[in-house]
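Down below is the structure, laid out as structure tokens.
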Amino acid sequence: MRIAVGTDHRGYAIRHKLIELLRGLGHEVIDTGNDSPEPVDYPDVAAGVASLVSRGEVDRGILICGTGLGMCIAANKFPGVRAAPCHDDLTAEMSRRHNDLNVLCLSADLLGERLIDRMVEIWLNTPFEGGRHARRVEKIRQLEQGLGRP
Ligand code: RB5
């Protein structure tokens, strides 16, 4: 898969290990930065990854900030992006099976390196189940387009 990776200063410490892991698993990594411990604004980093996912230029995106929350809020402003913060094996798995998550947001402050590695592998290897979940994801797409709102 082609995977875009973006981190802010809080994610800086783990960014290289994550990129190494992804390359080791045979994925192509598009590193959108920020490769520095200097503070940056997470919406700028999220936009770099989410715009690639939104335009279909990569298959998936991974974003890391302090909590995973700001990245998620910003990434979800891009059409077709389904971003969420996951925090354990189950959320990593179910975000794929039921929500077809295409941008994984991780917390550098709360998650250990081994947990992140495991979650990323699970997230990359778990397929979307489709069926009734495809109908629900389609409804999210319609909400994004201003359709089907109460
Ligand atoms: C940066 O200080 C911090 O706000 C950011 O990494 C992230 O946690 C935002 O949601």
Side-chain angles (χ1 to χ4, degrees), residues 1-25 27-128 133 136-146 149:
M1 273 190 243
R2 276 168 68 79
I3 303 170
V5 172
T7 56
D8 74 357
H9 49 291
R10 301 281 279 276
Y12 174 71
I14 41 175
R15 74 186 325 277
H16 289 292
K17 289 234 161 85
L18 172 67
I19 289 171
E20 241 174 62
L21 171 79
L22 294 172
R23 290 193 173 131
L25 292 171
H27 299 289
E28 182 186 349
V29 175
I30 290 80
D31 180 3
T32 67
N34 185 54
D35 195 8
S36 157
E38 289 304 308
V40 286
D41 296 335
Y42 61 80
D44 297 335
V45 179
V49 166
S51 58
L52 292 175
V53 173
S54 184
R55 293 198 297 264
E57 291 176 27
V58 295
D59 302 296
R60 306 268 188 95
I62 299 179
L63 290 165
I64 307 182
C65 64
T67 58
L69 299 179
M71 291 287 200
C72 170
I73 294 166
N76 277 315
K77 301 298 177 193
F78 287 76
V81 167
R82 291 176 300 280
C86 293
H87 45 79
D88 54 22
D89 294 4
L90 185 67
T91 48
E93 181 186 338
M94 298 314 286
S95 74
R96 288 292 312 138
R97 285 201 190 290
H98 286 191
N99 313 116
D100 200 13
L101 202 78
N102 52 18
V103 176
L104 175 65
C105 301
L106 296 168
S107 163
D109 293 355
L110 299 170
L111 306 172
E113 210 176 278
R114 285 183 62 196
L115 177 57
I116 287 182
D117 286 2
R118 210 172 59 208
M119 287 171 59
V120 165
E121 283 207 49
I122 290 170
W123 187 71
L124 291 172
N125 292 331
T126 304
F128 178 47
H133 302 295
R136 292 163 185 165
V137 168
E138 170 58 20
K139 286 187 177 183
I140 293 173
R141 197 188 65 79
Q142 289 179 10
L143 289 175
E144 189 174 72
Q145 297 187 337
R149 295 188 186 209

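In listed order, ligands and their atoms are each counted from 1.
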*What pair of heavy atoms forms the shortest contact from Ile64 to Gly11, and how long is it?*
CG2-CA, 3.8 Å
Hey, what polar pairs (N/O, under 3.5 Å) does ligand 1 make with protein?
residue	atom	partner	partner atom	Å
ligand 1	2 (O)	Arg10	NH1	3.1
ligand 1	6 (O)	Asp8	OD2	2.6
ligand 1	6 (O)	Gly66	N	2.8
ligand 1	8 (O)	Gly66	N	3.2
ligand 1	8 (O)	Thr67	N	2.9
ligand 1	8 (O)	Thr67	OG1	3.3
ligand 1	10 (O)	Thr67	OG1	3.3
ligand 1	10 (O)	Gly70	N	2.8

_Residues Glu138, Arg141: salt bridge by 4.0 Å N-O rule_ = yes
*Can you find a heavy atom in the side chain of His16 that is under 4.5 Å from one in the side chain of Asp35?*
yes
_Show the nearest heavy-atom pair for residues Cys65 and Gly70, with the distance to one decimal._
SG-N, 4.2 Å
*Compare every heavy atom of Pro85 with every heavy atom of Cys72, then report the nearest pair and how far apart it is.*
SG-CD, 3.7 Å
*Just checking, is any N or O donor in the side chain of Thr7 or Arg15 under 3.5 Å from an acceptor N or O on the other one?*
yes
